[in-house]
Number of protein chains: 2
Amino acid sequence: MSIRIGILGYGNLSRGVESAIAQNSDLELAAVFTRRDPASVKVRTAGVPVLAESELLDWKDKIDVLVLGGGSATDLPVQTPKYAEFFNVIDSFDTHARIGEHFANVDAAAKKGGHVAIISVGWDPGMFSLMRMIGDAVLPEGKHYTFWGRGVSQGHSDAIRRIEGVEDARQYTVPVESAVEKVRAGENPEFTTRQMHTRECFVVAKEGADKARIEKEIKEMPNYFADYDTTVHFITKEELQRDHAGLPHGGFVIRSGVSGMEKEHKHIIEYSLKLDSNPEFTGSVLAAYARAAFRLASEGASGCKTVFDIAPAYLSAKSAEELRGKLL
Amino acid sequence: MSIRIGILGYGNLSRGVESAIAQNSDLELAAVFTRRDPASVKVRTAGVPVLAESELLDWKDKIDVLVLGGGSATDLPVQTPKYAEFFNVIDSFDTHARIGEHFANVDAAAKKGGHVAIISVGWDPGMFSLMRMIGDAVLPEGKHYTFWGRGVSQGHSDAIRRIEGVEDARQYTVPVESAVEKVRAGENPEFTTRQMHTRECFVVAKEGADKARIEKEIKEMPNYFADYDTTVHFITKEELQRDHAGLPHGGFVIRSGVSGMEKEHKHIIEYSLKLDSNPEFTGSVLAAYARAAFRLASEGASGCKTVFDIAPAYLSAKSAEELRGKLL
């Protein structure tokens with residue numbers, strides 16, 4: 001019998017979860033829930049109903065794991081604790097500063113309902129967190145570095161779109177190659193924000209808009225751009241659609257550490273991702289952790305967990321014997 | 001209170017475990033056990049006793065985890081099941097074809113004694129296995145590739161040393177760069193053994209030995225060299241000591257897979273290791289899993305496990321809150 005997955009929301013990430021489910025024969029998309037008019041949402045998996053979020057609790061016995069496809073700013077802080085009481089849930093909460101609070105809220109709800117919740121799943125937080133953590137445990141005397149890109153940051157693209165006179169925009173986060181090389185060489189450098197990443201913006205201006213002002217507003221925007229070397233290219237709408245339609249991303253986590261009684265040996269661990277589609281890869285990770293949540297709950301576990309708490313074997317559809325035989 | 005570690009054997013790997021323990025304040029080296037005359041073995045950690053293996057069982061209550069530093073050919077198949085009945089144990093068993101049998105033997109012993117055993121720990125098997133497994137779970141439609149090197153293979157170096165007329169030798173396993181590039185480009189190629197790695201040998205011949213015959217014997221040696229493009233360099237003993245004294249190694253695991261309803265997006269996950277000292281890095285991994293074995297046993301777990309069965313948080317000396325706060 002397959003594991004029945006429900007998805008709340010139907011944006012890019014939820015569609016990534018949907019396509020991941022289609023690649024895993026032990027997972028089945030049971031239903032998609034939306035705050036929009038369900039009749040306006042067309043899912044791509046044949047025979048899957050689209051329902052209003054208000055009907056979700058009626059599906060308590062028809063869904064094994066609920067994947068929350070919403071955003072970290074306003075959706076997940078409310079939705080994950082709310083639904084963890086009634087379902088096993090997975091989210092991709094990525095507001096680092098609020099993870100402690102979110103964990104506590106979700107943990108209380110999941111324990112109350114006897115369900116398993118896994119939060120902050122994806123690639124960062126998620127796979128990259130695992131690499132930082134395992135690297136830190138294996139090489140305790142060392143440093144870790146996380147570089148993102150080259151890839152589209154949806155948050156930064158949105159920030160540009162909010163500027164007056166901007167019709168559309170795409171922002172790429174780009175790691176500084178010379179910084180990466182220093183880390184790979186085991187130099188353990190200290191970096192400022194500016195030294196690790198640059199930001200490249202492709203902007204479609206509205207007709208008659210003041211491009212110089214837009215460029216200045218982008219480059220001086222606090223938090224998003226002010227601390228980075230930022231390049232702004234004005235392009236046409238057609239160019240944006242032709243050259244920047246995808247959502248590629250990636251990056252790498254490097255752990256640089258030493259061993260030996262005299263700390264005389266250096267070691268470099270590097271984990272890198274090159275992703276054609278950020279939301280589809282993230283969705284694939286969420287699907288694997290949905291499997292894990294179902295299994296843990298079947299064993300009687302409950303409460304909130306992160307990727308640190310999940311034994312890797314739970315992620316795989318393969319049996320323990322098969323994993324030992326083929327992948328160990 | 002620290003976790004008290006015993007080590008059986010005092011070769012390269014055991015010394016790597018010893019230096020790793022020195023880097024982890026929650027781990028303590030309690031004693032080293034040897035089949036040699038204990039008086040002939042000098043360990044580098046002050047105050048640590050060296051004892052005969054025959055005394056090991058007297059230390060049942062003074063050791064929390066026993067790390068087995070022996071080899072997979074003859075030591076571990078006997079030692080791990082033997083001691084798993086009396087101690088929590090860690091080994092680095094790496095004979096892939098016999099892992100099923102070894103697992104069953106160790107599992108029975110560990111369950112009988114109520115202990116936790118973690119087998120096949122290190123980087124391959126070990127970290128590389130984790131990467132193959134997680135990649136397979138997250139991108140189920142894809143292929144994985146494991147490349148080793150550039151690094152010293154001790155098994156292949158030993159095989160050369162057994163040839164008549166050879167005084168000493170060092171063998172490097174070298175990944176074929178063009179093969180790696182094809183994989184990184186997402187081409188999902190099929191490779192023969194010869195297409196993935198070459199073997200480079202540095203050999204010190206005894207005086208008067210027939211070098212042409214030695215080179216021929218190396219290149220035609222079944223399993224070890226016959227299936228590879230092998231280069232043989234004859235060098236002096238001084239050159240070997242000067243240029244090839246270390247035991248560097250490394251390699252990479254690449255998972256190449258697709259996502260999307262039409263499988264239209266490619267993703268490349270790459271994990272790479274560049275290690276100045278293979279035995280010290282392996283020892284560092286063993287030390288982290290020793291911590292995990294102790295904690296699992298403290299929670300009442302028993303039986304044989306592999307890296308697939310261990311939730312990552314168990315590897316770290318940091319608390320769950322600290323991990324979530326700093327590394328998630």
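Any value given below was found using the heavy atoms of this structure, including those in side chains, with hydrogens, waters and symmetry copies removed. Just so it is clear: chains get the letters A, B, ... in the order the sequence lines come, proteins before strands, and each one is counted from 1. Computed from a predicted model, the values in this text were never measured in an experiment.
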Can you tell me which portion of A/Leu275 sits under 4.5 Å from chain B's heavy atoms? Options are side chain, backbone, both or neither. both
Would you please go through residues 312-319 of chain B and name the residues with a non-hydrogen atom below 4.5 Å from one of chain A, in numerical order? B/Pro312, B/Ala313, B/Leu315, B/Ser316, B/Lys318
Rounded to the nearest 0.5 Å, what separates atom NZ in B/Lys274 from atom NZ in A/Lys266? 11.5 Å
Tell me, for B/Asp136 versus chain A, whether the close heavy atoms (under 4.5 Å) come from the side chain, the backbone, both or neither. side chain
Using a cut-off of under 4.5 Å on heavy-atom pairs, state which of B/Asp94, B/Val307, B/Leu323 scores highest against chain A. B/Leu323
Looking at B/Ser272, B/Ser284, B/Ala137, B/Ala288, which makes the most heavy-atom pairs under 4.5 Å with chain A? B/Ser272
Non-hydrogen atoms of chain B under 4.5 Å away: do they reach the side chain of A/Leu139, the backbone, both or neither? side chain
If you count heavy-atom pairs within less than 4.5 Å of chain B, which of A/Leu286, A/Thr146, A/Ile310, A/Leu130 leads? A/Ile310
Give a yes or no on whether the backbone of B/His265 and the side-chain of A/Asp276 come within a donor-acceptor separation of less than 3.5 Å. no
Could you look at A/Leu328 and say if it's the side chain, the backbone, both or neither that has a heavy atom under 4.5 Å from chain B? both
B/Gly260 backbone acceptor or donor facing A/Glu280 side chain under 3.5 Å: yes
Where does A/Val258 contact chain B at under 4.5 Å (heavy atoms): side chain, backbone, both or neither? both
Given heavy-atom pairs under 4.5 angstrom as the criterion, report whether the side chain, backbone, both or neither of A/Asp124 touches chain B. side chain
Could you check if a side-chain atom of A/Lys326 sits within less than 4.5 angstrom of a side-chain atom of B/Met133, using non-hydrogen atoms only? no
Which atoms of B/Leu273 are under 4.5 Å from chain A, going by heavy atoms: the side chain, the backbone, both sets, or neither? both
Start with the C-alpha gap between B/Glu270 and A/Tyr271, add the side-chain angles, then the distance that decides, and say whether side-chain contact (heavy atoms from CB on, under 4.5 Å) holds. CA-CA 6 Å; B/Glu270 177 169 343; A/Tyr271 179 81; over 6 Å; no
When A/Met131, A/Arg44, A/Met127 are compared by non-hydrogen pairs under 4.5 Å with chain B, the top option: A/Arg44
Portion of B/Thr306 that has a non-hydrogen atom of chain A nearer than 4.5 angstrom: side chain
Rounded distance [0.5 Å steps], CZ in B/Phe281 versus CD1 in A/Ile268: 11.0 Å
Hey, are the side chains of B/Ser277 and A/His267 touching, using non-hydrogen atoms and a 4.5 Å cut-off? yes
What part of B/Ile134 is in contact with chain A, defined as an atom under 4.5 angstrom from a non-hydrogen atom: side chain, backbone, both or neither? side chain
Most contacts with chain A, counted as non-hydrogen pairs under 4.5 angstrom, among B/Val285, B/Asn24, B/Leu327: B/Leu327
By a 4.5 Å heavy-atom criterion (distance strictly below it), what part of B/Phe103 contacts chain A: side chain, backbone, both, or neither? side chain
Greatest number of heavy atom pairs closer than 4.5 Å to chain A - which of B/His96, B/Arg291, B/Glu262, B/Arg15: B/His96
